[in-house]
Every structure is written in structure tokens, then in C-alpha cells.
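Source: prediction; values computed, not measured.
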Amino acid sequence: MKLQQLVLKIHSRCDLACDHCYVYEHADQSWKGRPTFISEETLGKVARRFADYAEEEKLPSVSVILHGGEPLLVGPARMRNICAELVRTITPVTALDLRIHTNGVQLNTRHLEVFREFDVKVSISLDGDRAANDRHRRDRRGRSSHDRVLRAIGLLRRPEYRHLYSGLLCTVDVANDPVAVHDALASLHPPRIDYLLPHSTWDSPPDRPADSPTAYADWLLRIFDRWDEQGRTVGVRTFESVLSTLRGGPPLTEAMGLAPSDLAVVETDGTFEQADSLKTAYDGAPSTGYDVFRHTFAEFARYPGVRARQLGLAGVSDTCRRCPVIESCGGGLYAHRYSTGHGFANPSVFCGDLRALVDGVAERITDHSLSPAVHDHDELGYAQAELIRHLMPVVAARHTGEPAWDEVWRAFLDLDADPSTAPYVDEILAHPYLHTTLKNCLHGRITGPAPLACAVVVAAVNARADLELGWHQPTAELHLPTLGTLTLREPGPVTVSVKAGELRVRTQRGDEYTPGEAFTGWRRLRTVPVADGTRLLLDDADPLRDCYPVPVAPPLGTDELDMFAKRLGIAYELTEENGRGGRQAGVNAPRLTTITPLAAGTGVRLGAHGLGALGLAVDFEPEDLVRELPRAGRLARLAALRETADLNVPGNRAGRLLDEASRELGDADYWAGEADRRAAALERAGRALDQLAARPEGELTETGRALAAELRGELASARLSSADPAGRHG
């Protein structure tokens with residue numbers, strides 16, 4: 001794992017005397033021997049070393065977090081010099097994300113002007129309302145810091161500085177009222193709140209009520225309930241990380257999850273340290289013996305202690321590896337695992353709390369009711385369409401006030417509200433790659449409205465409805481999903497009008513296009529009739545079709561399309577002859593609507609798209625598709641069910657066993673002509689279903705139980721069909 005974050009200590013002293021501070025109040029006291037602030041020589045060396053490392057490793061971006069002590073104590077003038085040196089040295093090599101973590105007591109407009117000049121994002125430590133904050137965060141005279149911090153946040157929230165406001169950091173204390181703490185922090189409208197467990201080890205465990213083994217989880221779950229009740233209007237990193245990992249996504253915080261650490265720390269004297277949370281373990285715990293004058297960041301990255309925090313699952317204790325929530329918990333913060341005699345080879349000292357937190361969030365987000373989609377492929381299609389309908393306003397809301405986006409959204413609502421045009425909206429919403437488009441919009445991979453505008457245009461064309469939309473077309477290929485591609489002279493602003501089903505495209509420079517069979521710049525997508533009575537769309541042009549685990553083929557020539565369509569027709573004739581069509585995979589497999597040619601030799605593939613699409617290598621053999629269709633249909637159905645219904649409480653073993661049983665039954669069908677392989681797959685499916693039956697009842701939802709019962713029925717039927725004349729099972 002490459003180092004991409006640098007915590008740079010620019011001042012080693014502090015103007016508060018917080019009694020829970022890991023720098024001054026815990027085992028490691030190395031701060032006493034550090035220079036008060038970083039020198040120009042040390043700063044220059046750090047910046048040069050980090051820039052060299054970024055260039056060597058070809059890092060697209062790096063982050064530098066100015067830290068302390070209290071970093072604002074360097075003063076505005078020195079702060080400006082620090083920021084200027086970092087920007088001057090690093091930005092010619094890579095993008096630089098500058099941040100600062102501060103207690104806010106010293107923050108004033110002179111600091112903020114420096115931060116505005118260099119776009120430094122500001123996070124402020126605040127433990128909640130006055131009572132909660134003043135329990136620990138007082139100055140050296142014992143005075144409250146609360147009003148001074150609120151004044152700083154007030155400055156940061158001014159319109160001219162608001163874009164610098166990164167969030168609030170709050171250390172958890174279970175003696176405080178969690179709801180009061182959260183409401184106080186949320187009232188300050190931070191972009192994000194980080195709730196941090198107090199730094200503790202097995203040698204120095206956290207304070208907790210004697211009768212509450214999961215007091216920290218209980219405290220955080222009360223905030224989760226409040227956060228959820230309020231509509232999750234502010235980001236909370238801990239909760240968002242758990243939600244992400246429970247759904248198979250990445251962790252979002254170093255304190256939880258198995259992502260390897262990408263962090264380096266440099267102290268005011270230029271010494272490299274590991275994560276400074278290790279100061280809570282023992283004296284000298286973060287020390288490496290390295291410094292920027294004699295060592296590079298590449299050398300530091302190879303330090304054993306740094307590598308130990310990059311081992312993922314291999315780096316946690318045996319207890320953690322056996323835990324069902326390890327992907328979400330990750331064994332907790334590395335420093336919190338320490339004990340004398342065993343080092344860091346322990347679960348977190350907050351182990352019980354982390355398990356209870358993950359389980360508590362998982363239970364809260366699970367819908368246990370029965371989804372009709374599990375029993376009917378039409379209901380599954382409807383559920384997928386509803387998912388798209390839910391995503392559309394979410395995407396639109398992110399761009400409210402942007403004229404082109406607002407225009408597209410209004411056009412969509414008008415078409416969808418009219419009974420005569422709504423069915424055509426339903427048709428385009430069912431296109432598998434519109435699902436991909438919306439996901440890319442949500443994740444910022446698509447920033448303009450062009451793909452959604454084109455989908456709205458298609459609905460209007462098919463409905464023969466009048467429409468006019470304008471947007472910036474980012475490429476010369478204007479693709480209308482399910483219809484075809486119009487090649488413009490160049491990218492740029494376009495106006496697209498539809499009247500009585502006829503489409504016209506005008507560009508800013510005055511070019512006008514009327515797509516149709518006679519127009520040379522228009523390439524219509526082909527559809528192929530197949531033996532089951534449906535027509536399959538051969539989509540070799542949609543720019544969002546590239547969502548498979550292998551490369552897609554470029555648009556095919558006429559002869560290539562003819563050959564591809566011919567082989568597809570043969571495959572479907574064979575499936576009808578032997579009864580192995582895609583809808584035979586499970587009782588409710590989805591209909592296949594769209595085929596995308598993939599690079600030669602890549603086989604049959606499913607991608608990250610909505611229901612109905614399948615990728616086929618341009619050189620596929622019809623017999624291979626016949627064998628693969630049932631298995632592919634099963635996997636597609638399971639993926640769609642998981643997107644639209646809860647099959648199990650996230651994070652437990654039951655969900656994996658359900659997937660395993662379904663996958664093995666698909667393999668058994670694939671190996672229908674090879675008795676030994678089929679029997680082995682059925683045996684594995686049966687073992688998974690037996691283990692599933694032994695799990696606690698609450699791990700599966702009603703939908704999951706219905707699917708498990710269906711799989712058991714399929715297994716029994718498959719075993720019966722494999723039995724020999726003497727009654728023995730294959």
C-alpha cells in the first residue's frame with residue numbers, strides 16, 4: 001500500500017489541557033524532547049521528500065494534515081509560509097489536499113485568510129454541548145473552551161470560508177448524553193462528524209459502567225437512531241463506514257475495516273513516526289528511528305511496524321479472523337489492541353462494543369418482510385424499476401439549481417406524469433445500462449446531464465411526444481440508449497428536439513442533424529429475434545456498457561454483427577430444443593433483453609448493470625451460451641434480489657451460505673452432462689443449505705427464508721433427477 005497521507009506536526013505544544021489527550025496524557029512522552037515548532041529547514045526537507053515519493057510512485061494525489069499539539073500556535077504568518085512551501089514543492093508533482101486538525105481556540109480571520117488562499121480544509125475538535133465539552137476540554141487554568149470553539153466555528157461558517165469547513169471531531173464519553181452531544185454538533189451544520197473512541201489499551205482500558213459491557217456501542221447506537229430519525233442530514237464517518245462495509249463496500253475510517261493504512265507521521269524535528277495513536281500503547285511505541293534527513297518515505301513505507309498495519313485480515317488476531325463482522329470492524333484501531341506480553345496480537349479493547357455496534361446497525365437497516373420479487377420475475381423487474389425511480393430524484397437533487405440538470409428533471413417528470421407517455425418512460429428505465437448511468441452519477445464518475453438527457457429523449461421519441469432539451473455534449477458521439485449513436489462534428493452544446501417521433505439535433509455552431517436510416521452519421525442499434533419469441537438488443541455502442549470484468553468489444557462491423565446475431569439465434573434454438581433457457585435457472589430467473597459483445601476469448605459475463613444484460617465474447621460458441629444461460633440467469637437474479645430486498649441481516653454467515661448454495665446449484669446445472677462434477681456441486685450445495693438451516697433463525701429475513709426454501713426444493717429435484725435405477729443419488 002502506497003503512502004498517500006502525511007500527518008505533519010508543525011507545533012508540539014498545546015493551549016488546552018485535555019485530560020484524554022493521547023499526546024500529553026498517555027504512555028509516550030516524546031513530545032517533551034521535540035522542538036516547539038517545525039523549522040524552515042525541516043519543513044523544506046519533508047516537502048521535498050514527500051514530493052519525490054509521490055513522483056516515484058506516480059500518486060495522482062496526496063493529503064497533508066497539519067497537526068500538533070495545536071497547529072494554530074505557529075501563528076498566521078508562519079502558517080502561511082508552511083502552506084506556501086508545501087504547495088510550491090508538491091503541486092508540480094501531484095494534486096495536494098491540504099487539511100488541518102485544530103481545537104479552534106486560536107482560530108481567527110487571519111488564519112482563515114491563509115486557509116482560503118491555499119484551500120486548507122479545517123476540522124475542529126469539539127465534544128458536544130458545554131457540559132460534555134468541558135468535562136475534558138479545558139485550558140490550563142481549568143477554564144471552559146466551549147465558547148471560544150463556537151466562536152471559531154461561527155467564523156468558519158461565514159459564506160466566504162464555508163467551503164473550508166471540513167467537519168467536527170468528537171471523543172466519545174459515555175458519561176455524556178449522546179443525543180444532546182449529537183444535537184449540539186449537528187446544530188453547527190458540519191459537513192461531517194467523526195465520533196472517536198477514547199484511546200485505550202488492554203493495559204489501560206476505557207472507563208465504562210460496571211453493568212454495561214457494551215456501553216460505547218449503546219452510546220453510539222443512540223446517536224445512530226437520532227441521526228436516522230433526522231434524515232441523516234450530516235455525514236457521520238463511523239456510521240457511513242459500517243453501512244458501506246455491511247453492503248460490501250470499502251471502510252471509510254482507519255478506526256474500522258480491513259483497508260491497509262496509507263499514513264505517515266512526521267514530527268516537528270523531522271522524525272518519522274507510525275500512527276501517533278500508538279502513543280497510548282507504551283513509551284516509544286510510535287518510534288521508528290527514521291527521519292527525513294537520512295531516510296526517504298519509501299524507506300519508511302518498508303518499516304515493519306508500517307507494514308504490520310497494512311496486512312488486512314492477516315494482520316488481526318485469530319479471534320478477529322473468526323468473527324463474522326471482521327470486514328466492518330477490522331479489529332478496531334491498531335493502537336487499541338495493545339497489551340503487555342502480547343503486543344498488538346489481540347482484539348480491540350473495544351471488541352464487544354465494535355461487535356455490538358456493527359450488529360446493531362445491521363439489524364436497524366434490515367427489512368425483514370417478505371418481498372414479492374422472490375416469487376415472481378415480473379415483481380423483480382418492478383422492484384428494479386422502483387430502485388431506478390428512487391435513484392433518479394437523488395441524482396437530480398444533487399444538481400438542483402444547475403439549469404441543464406433542472407431542465408432534464410422537469411422533462412422526465414412531465415413524461416412520467418402523462419398516462420400516454422409513462423409506459424415509454426418505464427421502457428427506458430428498464431434498460432440495464434441506465435442503472436449503470438445512475439450509479440456513475442451518484443459516485444461522481446458522470447458530472448454532466450448528457451446520459452440522462454439522452455434517456456429522456458429516447459422516451460419522448462418512442463412516445464412521439466414533443467420535447468426540447470439542451471445540454472453540453474462531452475463527446476462527439478451522442479448515444480441514445482436502445483436506439484443508436486449520432487456522430488457530431490465535435491463536442492459542445494447541443495439542442496435536441498422531438499416532434500411527432502422525429503428527432504433533430506442542433507449544435508452551437510449551427511450544424512443540424514436528423515438521425516435516420518438515410519443519414520450517414522447515424523448508426524442504429526440492431527435487435528435480433530430469437531426462438532423464445534423475444535427480440536434481443538445487440539448493444540455494442542452504449543458508452544456505459546463498459547461495466548464488465550473484461551474489456552468490451554468496439555462497435556462491430558456489419559459482417560461481424562451478422563455473424564454474432566447468427567450464432568445468438570443458433571444458441572436460442574438449442575436452448576428451446578433441450579429446455580435449458582435462461583428462465584429455467586430457478587423458478588423466477590429474469591428475462592434477458594440486452595447482449596453486449598465482449599473482447600474475444602472472454603466467454604459469458606455478468607457486469608455491474610441492471611437486470612437483463614449479458615456480455616458475450618465476440619467469438620462465443622452457441623453451445624457455450626446454452627450451458628451458461630441458466631447459471632448466468634441465476635446469478636443475475638440473485639444480484640437483483642440483493643439490490644431490491646434484504647435476504648439476511650448484513651454481516652452474518654447466513655448471507656454467504658445462501659450465495660454459496662445458489663452458486664453451487666448453478667454449477668450443478670452447468671455440469672449437467674458430467675455426472676461426477678454435477679454430483680460434487682450438488683453435494684456442496686447441500687452442505688451449504690444444511691449449514692444455513694443450523695444458523696440462528698433471525699439471520700435470514702422472510703425473503704431470505706423463501707429463497708432458501710426454493711433452493712432446497714431445487715436441490716431435492718436435482719438429486720432425484722440424478723438418481724440411478726437402484727435409487728442411489730448422484
Where do H435 and L611 land on the side-chain contact (heavy atoms from CB on, under 4.5 Å) test, with the steps shown first?
-> CA-CA 9 Å; H435 181 277; L611 271 177; over 6 Å; no
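Remark: D659 does not engage R663 in a salt bridge, criterion side-chain N to carboxylate O under 4.0 Å. At a threshold of 4.0 Å, the pair D667-R631 counts as salt-bridged, since one of the basic side-chain nitrogens sits closer than that to a carboxylate oxygen. Taking a cutoff of 4.0 Å between a charged side-chain nitrogen and a carboxylate oxygen, R226 and E229 qualify as a salt bridge. Ion pairing between a basic and an acidic side chain is recognised when a charged N comes within 4.0 Å of a carboxylate O; D540 and R523 show such pairing. Salt bridge absent: D624 and R567 never bring a charged side-chain N and a carboxylate O closer than 4.0 Å.
Within the cation-pi definition used here (under 6.0 Å to the ring centroid, within 45° of the axis), R605 does not qualify as a partner of Y548. No cation-pi contact links R545 to Y433, judged by a cut-off of 6.0 Å to the six-membered ring centre and 45° from its axis. Remark: R504 is not positioned above the aromatic ring of Y513, lacking an NZ or CZ atom under 6.0 angstrom from the ring centre and at most 45 degrees off the axis.
Ring planes of W405 and H399: parallel class, angle under 30° (limits at 30 and 60°).
Residue-environment remark: CZ (R656) exceeds the threshold of 12 foreign heavy atoms within 6.0 Å. Other residues, nucleotides and ligands contribute only 12 or fewer heavy atoms inside 6.0 Å of the CD atom of E697. Counting heavy-atom neighbours within 6.0 Å of E386 CD, excluding the residue itself, gives a total above 12. Heavy atoms from other residues, nucleotides or ligands lying under 6.0 Å from OH of Y424 number 12 at most.
Side-chain contact of R705 with N648: a donor-acceptor pair under 3.5 Å is absent, judged by distance alone. In this structure, a donor-acceptor pair under 3.5 Å is absent between the side chains of R627 and T575. Checked by atom type, the side-chain pair H368/E363 shows a donor-acceptor distance below 3.5 Å. If you check the side chains of H375 and E710, you find no donor sitting under 3.5 Å from an acceptor.
Atom CG of D646 and atom CG of D367 lie 6.0 Å apart (nearest 0.5 Å). Atom CG of residue L467 and atom CD of residue E407 lie 8.5 Å apart, to the nearest 0.5 angstrom. Expressed to the nearest 0.5 Å, how far CG of L568 lies from CG of L625 amounts to 6.5 Å. Here the straight-line distance linking atom CZ of R389 with atom CG of L429 works out to 5.0 Å at 0.5 Å rounding.
A side chain to side chain donor-acceptor pair (under 3.5 Å) with R445 is found for exactly one of T437, N440, T436, namely N440. Of the listed residues (L536, T527, L537, L525), just one forms a side chain to side chain contact (heavy atoms under 4.5 Å, CB included) with T594, and that residue is L537.
Put simply, the side chain of R192 reaches to within 4.5 Å of the side chain of E240, judged on heavy atoms.
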